[in-house]
Protein chains: 2
Amino acid sequence: MSEDTIRRRATVHDVARAAGVSLATVDRVLNGRPGVRAATAEKVEQAIAELGFARDLNASLMARARDLSVIFFIPDGTNEFMDGLAEAVHRRSPLALADRIHLDLRRIRAFDAAALARSLDQLSAAECDCAVIVSSDAPEVLAAIEAAHRRGVTVMTLVSDLPGSARRNFIGIDNVAAGRTAGSLMGRFLPQGGKVAVVAGSLHLRDHAERLEGFAAALRQEFPRVDIIGPLEGHDERTETADIVSALLDQNPDLAGLYNLGAGNGGLVAALEKSSRSGTVRVIAHELTGPTRAGLRSGAIDVVLDQNPDGEIREVIAAARALALDASRVTVTDPIEIGIFLRDNLR
Amino acid sequence: MSEDTIRRRATVHDVARAAGVSLATVDRVLNGRPGVRAATAEKVEQAIAELGFARDLNASLMARARDLSVIFFIPDGTNEFMDGLAEAVHRRSPLALADRIHLDLRRIRAFDAAALARSLDQLSAAECDCAVIVSSDAPEVLAAIEAAHRRGVTVMTLVSDLPGSARRNFIGIDNVAAGRTAGSLMGRFLPQGGKVAVVAGSLHLRDHAERLEGFAAALRQEFPRVDIIGPLEGHDERTETADIVSALLDQNPDLAGLYNLGAGNGGLVAALEKSSRSGTVRVIAHELTGPTRAGLRSGAIDVVLDQNPDGEIREVIAAARALALDASRVTVTDPIEIGIFLRDNLR
DNA sequence: AAGGTCATGAGGCACGTACCTCATTTCCAC
DNA sequence: GTGGAAATGAGGTACGTGCCTCATGACCTT
């Protein structure tokens with residue numbers, strides 16, 4: 001194979017030549033600026049398609065005055081997983097900046113849909129290319145996403161999706177599959193069956209509801225000898241969860257398993273260890289955080305299912321870049337995998 | 001905060017000004033070209049350190065005539081996992097090319113250390129910035145890595161590390177931890193203890209030996225009621241592994257578990273299904289491939305431990321970029337996590 | 001037909017780095 | 001102190017795109 005068989009990537013110059021127009025016109029089409037007749041734009045689009053032209057994002061970001069800007073809106077409060085997400089943003093920040101992508105982090109009061117909607121409404125396309133939100137399903141948020149989208153601000157959902165909205169992309173795990181995995185593991189841990197209690201944060205949260213659905217389905221189909229108690233709601237709070245778990249242990253001396261599909265794991269571990277039944281009851285929880293790590297190490301928790309926050313942030317950035325490159329193309333990202341952690345493969 | 005508090009990234013111009021030298025001299029220092037006195041180079045280095053200057057890889061790649069070139073040397077043969085790695089390289093290729101990184105894939109006869117060494121010896125820094133190898137520990141390979149390193153070709157190990165070599169980086173999982181995880185899961189699957197057989201490819205392979213070590217240690221420490229049979233060596237081959245598994249099942253009617261820490265999983269599944277003991281024996285295997293997926297779906301395999309090939313290729317590329325940016329700095333990559341797959345969270 | 005609006009072309013500067021040439025200065029040894 | 005080699009400076013072009021200005025031409029309105 002000789003040198004001249006190597007095909008150079010198509011550039012704007014090639015597109016201009018192929019379409020029989022000037023560079024300026026190609027630029028107007030590419031960047032959606034006015035002043036191009038529909039027929040001319042069509043010629044340009046066709047040349048782009050024929051040449052397989054894709055804009056060079058790096059050259060583009062170098063030429064632009066400002067970096068690509070991604071703003072994360074992450075719930076504030078006592079949820080350790082959300083703190084982990086925020087830290088992941090900070091960890092990734094310098095790396096992203098080296099590629100001219102500026103990450104910004106704003107903490108929003110948890111479950112305050114109105115505040116989130118207000119924040120989104122204030123974003124202009126000039127200061128923000130992509131907004132990333134972790135949100136529950138609320139009409140004002142849906143409206144704000146729609147409005148942001150119209151203003152030219154792409155919105156992506158993280159961790160918890162809003163399928164009916166104008167969000168461009170969702171980065172997170174498949175929560176039904178996560179619940180199924182928990183059920184399948186729990187079933188294998190209890191070959192003789194038994195009672196398993198389920199604790200959730202709130203079933204009004206989409207991800208929690210989906211996990212419960214998957215968990216119950218897996219047990220029903222594969223391990224009919226396992227009976228589910230609950231679900232009980234601990235509202236992702238430490239003390240409330242501790243109280244619920246203590247009560248469960250007291251009232252069910254024969255409790256064989258426990259699945260906490262929400263947060264509040266500090267309370268879970270405390271209640272288990274106080275009861276002296278730690279290690280006897282098979283426990284599965286979610287998200288690798290301080291309390292769940294401690295629980296794994298002490299043996300109070302057997303398995304933690306985790307959505308890798310660093311991986312999620314990385315994929316958000318990859319998706320934002322791809323979107324900046326070609327807003328009309330469907331963006332494909334590496335799926336976020338459900339991490340399964342035992343004491344022995346803690347990261 | 002006003003506009004002027006925003007600090008621009010330092011550029012070569014800033015470095016030149018700070019060091020009191022010309023752009024050409026900074027360039028000579030940065031790219032290791034000759035013609036700079038040690039004292040002058042020192043001034044430049046100091047200015048770089050003070051300003052925290054980091055070369056802009058994207059501008060750099062744009063200015064260079066050729067792309068960053070990464071060449072993967074992956075074993076050929078019947079190993080499905082290696083095929084998966086090769087496919088992952090192909091999948092990532094267009095994406096990498098958009099960032100001016102050219103991926104090349106060369107299949108080498110498996111376990112032919114001499115052939116791999118020869119290939120490495122032929123590489124020049126002009127055609128290859130980074131060579132990625134999957135290799136066993138052989139003296140000729142170590143020498144070839146050393147020589148390549150001196151010629152300016154960075155070498156990285158993938159999947160299986162060569163710690164004593166001049167390799168710049170290792171991308172892969174912690175195989176001792178993987179073995180421990182398998183042991184820990186197996187122990188939980190067998191609360192009443194029992195016999196567990198271990199099948200390996202070859203204990204001369206570093207990753208296999210490490211997995212066995214971790215598996216045995218975890219069982220010894222946490223589940224003393226589980227007894228290990230083996231290890232037996234199936235040389236990663238389908239038929240040989242099938243024969244071994246069939247014999248194991250025949251000779252041990254009470255066999256409770258099976259851990260295949262190598263390849264040859266097609267044979268494993270076939271032998272299990274032929275025996276009609278499939279689903280009764282708890283089976284743990286490695287790498288998500290055609291046969292292991294089929295085994296999970298049919299119930300012949302309970303758990304598959306996996307090193308995500310796509311993630312590994314992604315991290316190789318990230319490491320190669322970071323290295324091109326600053327060859328002297330220690331490169332930090334996202335660790336590759338051990339994926340744990342059941343029928344319910346298959347990707 | 002004149003004046004106005006809109007579409008388009010031509011060209012340049014900028015981003016940060018690589019790499020080239022050529023001229024000039026510095027240094028060292030004899 | 002002089003020759004020669006080595007070190008350094010000055011300045012250019014290129015990479016691919018964004019964004020700006022200015023000129024020109026086409027078309028529409030009244």
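Numbers restart at 1 for each chain; the letters A, B, ... are given by sequence-line order, proteins then strands.
- Residue A/T11 has its side chain nearest to D/dT17 when only C/dA18, D/dT8, D/dT17 are considered.
- If you measure from atom CG of B/L61 to atom C1' of D/dT17, you get 16 Å, rounded to the nearest angstrom.
- Between A/R92 and A/D310 no salt bridge is recorded (no basic side-chain N to carboxylate O distance below 4.0 Å).
- Side-chain proximity of B/A24 to D/dG18, C/dT17, D/dG9: nearest is D/dG9.
- Going from atom CG of B/L68 over to atom C1' of D/dC15 covers 16 Å, rounded to whole Å.
- Side-chain nitrogen and oxygen atoms of B/T25 include none within less than 4.0 Å of the OP1 or OP2 phosphate oxygen of D/dA7.
- Residue A/E42 contributes atom CD, which lies 17 Å from atom C1' of C/dA7 at whole-angstrom precision.
- Counting only heavy atoms from C-beta on, B/H13 has its side chain closest to C/dT17 among C/dT17, D/dT17, D/dT8.
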Exercise. When you look at A/R321 and A/D326, which way does the salt bridge (Lys or Arg N to Asp or Glu O under 4.0 Å) test go after all the steps?
Worked result: CA-CA 9 Å; A/R321 284 187 95 226; A/D326 185 347; over 6 Å; no
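- Where B/M62 and A/S22 meet DNA chain C, the nucleotide closest to each residue was compared, and A/S22 sits on the side nearer the 5' end.
- Of the charged side-chain nitrogens involved, at least one lies within less than 4.0 Å of a carboxylate oxygen, so that B/R167 and B/D161 count as a salt-bridged pair.
- If you take CG of A/D27 and C1' of C/dA10, they are 14 Å apart, rounded to a whole angstrom.
- Contact check, B/S60 against C/dA18: a side-chain N or O comes under 4.0 Å of OP1 or OP2.
- Straight-line distance from the CZ atom of B/R100 to the C1' atom of C/dA18: 13 Å, rounded to whole Å.
- Using a cut-off of 4.0 Å between Lys/Arg side-chain N and Asp/Glu carboxylate O, B/R66 and B/D129 are scored as salt-bridged.
- Along DNA chain C, the nucleotide closest to B/R28 and the one closest to A/R28 are compared, and the more 5′ of them pairs with A/R28.
- A donor-acceptor pair under 3.5 Å is formed between the side chain of B/R151 and the backbone N or O of B/L123.
- Across the protein-nucleic acid pair, B/L23 atom CG and C/dC20 atom C1' stand 14 Å apart, rounded to whole Å.
- The interatomic distance linking A/D56 (CG) with D/dA14 (P) rounds to 18 Å, in whole Å.
- Here C/dC19 presents its C1' atom at 13 Å from CZ of B/R55, a figure rounded to the nearest Å.
- Taking the side chain of A/V21 as heavy atoms from C-beta on, and the options C/dG9, D/dG16, C/dG16, the nearest nucleotide is C/dG9.
- Here B/N58 lies out of heavy-atom contact (under 4.0 Å) with every strand.
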